[in-house]
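Presented below is the structure to which this report refers.
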Amino acid sequence: MQGLTLDAETVAVTVSPVSEVVAREAFIAGGQHAAAAASYDACFSREAAGAGKNLLGGVLYDYYTTLYYCSKGGKIATAKWTRQTGQVRFPGWYYDGKVTDQIDFSARNIGGFTQFKFHAGPVSQLPIQNAYPCLRTRVNSSGGVSTSSSCSV
């Protein structure tokens with residue numbers, strides 16, 4: 001049972017500029033007009049990852065988000081989630097999908113989170129344990145970034 005029981009969550013962030021073409025294509029694919037997407041000065045991605053671990057330190061499940069944002073004139077012009085998913089790493093745990101997400105941005109800052117749902121136990125019966133982990137990403141126009149497990153912007 002110790003191998004199945006959730007003990008701790010860990011969260012990490014990877015900061016990476018993306019190619020202008022990739023970022024602009026992501027915004028165009030999301031419905032933004034090509035001329036508007038081409039007007040940004042720079043675009044970036046912020047990838048965050050979390051994991052639930054058991055009492056023995058083994059990973060039960062992990063989850064990911066990728067946030068794209070672009071700036072213009074030193075201010076954040078637009079932001080968008082492009083990847084929000086999870087996967088199980090231990091038998092008996094199941095990924096139930098994304099519960100909710102929120103993104104809020106001003107000219108200088110972006111705050112956003114995604115909440116996921118996992119459960120342990122038989123698929124056809126009541127779960128033994130539920131987990132609702134969150135990944136929160138905050139970035140600012142000067143490049144500062146932080147990530148936590150908070151379910152708030």
Side-chain angles (χ1 to χ4, degrees), residues 1-19 22-24 26-27 29-32 37 40-121 123 126-153:
M1 189 67 177
Q2 288 181 341
L4 187 65
T5 304
L6 178 65
D7 180 46
E9 297 283 343
T10 60
V11 174
V13 67
T14 302
V15 178
S16 55
V18 294
S19 79
V22 169
R24 292 179 209 292
F27 285 105
Q32 221 175 73
Y40 303 131
D41 297 335
C43 295
F44 303 91
S45 71
R46 301 295 184 254
E47 296 180 355
K53 295 183 179 181
N54 63 22
L55 297 170
L56 305 174
V59 175
L60 300 171
Y61 54 80
D62 46 22
Y63 44 97
Y64 313 92
T65 64
T66 301
L67 174 70
Y68 277 117
Y69 71 98
C70 293
S71 62
K72 182 176 183 177
K75 296 180 180 179
I76 295 170
T78 191
K80 172 185 170 181
W81 294 117
T82 60
R83 179 179 70 146
Q84 301 165 301
T85 191
Q87 59 188 355
V88 295
R89 300 286 187 176
F90 197 86
W93 275 89
Y94 301 91
Y95 176 54
D96 292 328
K98 178 182 77 170
V99 176
T100 188
D101 65 12
Q102 186 174 342
I103 189 166
D104 182 37
F105 70 95
S106 66
R108 301 277 178 209
N109 297 288
I110 300 171
F113 73 91
T114 302
Q115 185 176 34
F116 306 88
K117 181 180 179 187
F118 295 87
H119 80 268
V123 175
L126 292 175
I128 297 168
Q129 187 174 16
N130 288 311
Y132 297 91
C134 282
L135 282 175
R136 179 180 67 103
T137 302
R138 295 188 60 80
V139 296
N140 61 46
S141 58
S142 61
V145 61
S146 68
T147 298
S148 73
S149 58
S150 172
C151 287
S152 67
V153 292

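Sequence positions, counted from 1, serve as the residue numbers for this chain.
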> Considering residues at least two apart in sequence or located in another chain, which fulfil the ring pair (Phe, Tyr, Trp, His ring centres under 6.0 Å) criterion with Y61?
Replying inline: W93, F118
First locate atom [atom1] of [X], then atom [atom2] of [Y], and finally report the distance between them rounded to the nearest 0.5 Å.
{"X": "W81", "Y": "T114", "atom1": "CH2", "atom2": "OG1", "answer": "4.5 Å"}
{"X": "D96", "Y": "F116", "atom1": "CG", "atom2": "CZ", "answer": "13.0 Å"}
{"X": "L60", "Y": "N54", "atom1": "CG", "atom2": "CG", "answer": "4.5 Å"}
{"X": "E47", "Y": "T65", "atom1": "CD", "atom2": "OG1", "answer": "8.5 Å"}
{"X": "T137", "Y": "I110", "atom1": "OG1", "atom2": "CD1", "answer": "9.5 Å"}

Which pair of heavy atoms, one from [X] and one from [Y], lies closest together, and at what distance?
{"X": "G121", "Y": "Y94", "answer": "O-CE1, 2.9 Å"}
{"X": "G50", "Y": "L135", "answer": "N-CD2, 4.0 Å"}
{"X": "Y63", "Y": "C134", "answer": "CE1-O, 4.2 Å"}
{"X": "D62", "Y": "R89", "answer": "OD2-NE, 3.0 Å"}

> Among all residues two or more places apart in sequence or in another chain, which pass the side chain to side chain contact (heavy atoms under 4.5 Å, CB included) test with R136?
Replying inline: F113, R138, S148, S150, S152
> Who passes side chain to side chain contact (heavy atoms under 4.5 Å, CB included) against N130, sequence neighbours left out?
Replying inline: K117, H119, P127, Y132
>> F90 vs V88, test: side chain to side chain contact (heavy atoms under 4.5 Å, CB included). Steps then yes/no.
In response: CA-CA 6 Å; F90 197 86; V88 295; over 6 Å; no
>> Does any part of the side chain of L67, heavy atoms only, come nearer than 4.5 Å to the side chain of I103, both counted from C-beta?
In response: yes
> Are Y64 and Q87 close enough, and set up right, to give a side chain to side chain contact (heavy atoms under 4.5 Å, CB included), and what steps lead you there?
Replying inline: CA-CA 9 Å; Y64 313 92; Q87 59 188 355; 3.2 Å; yes
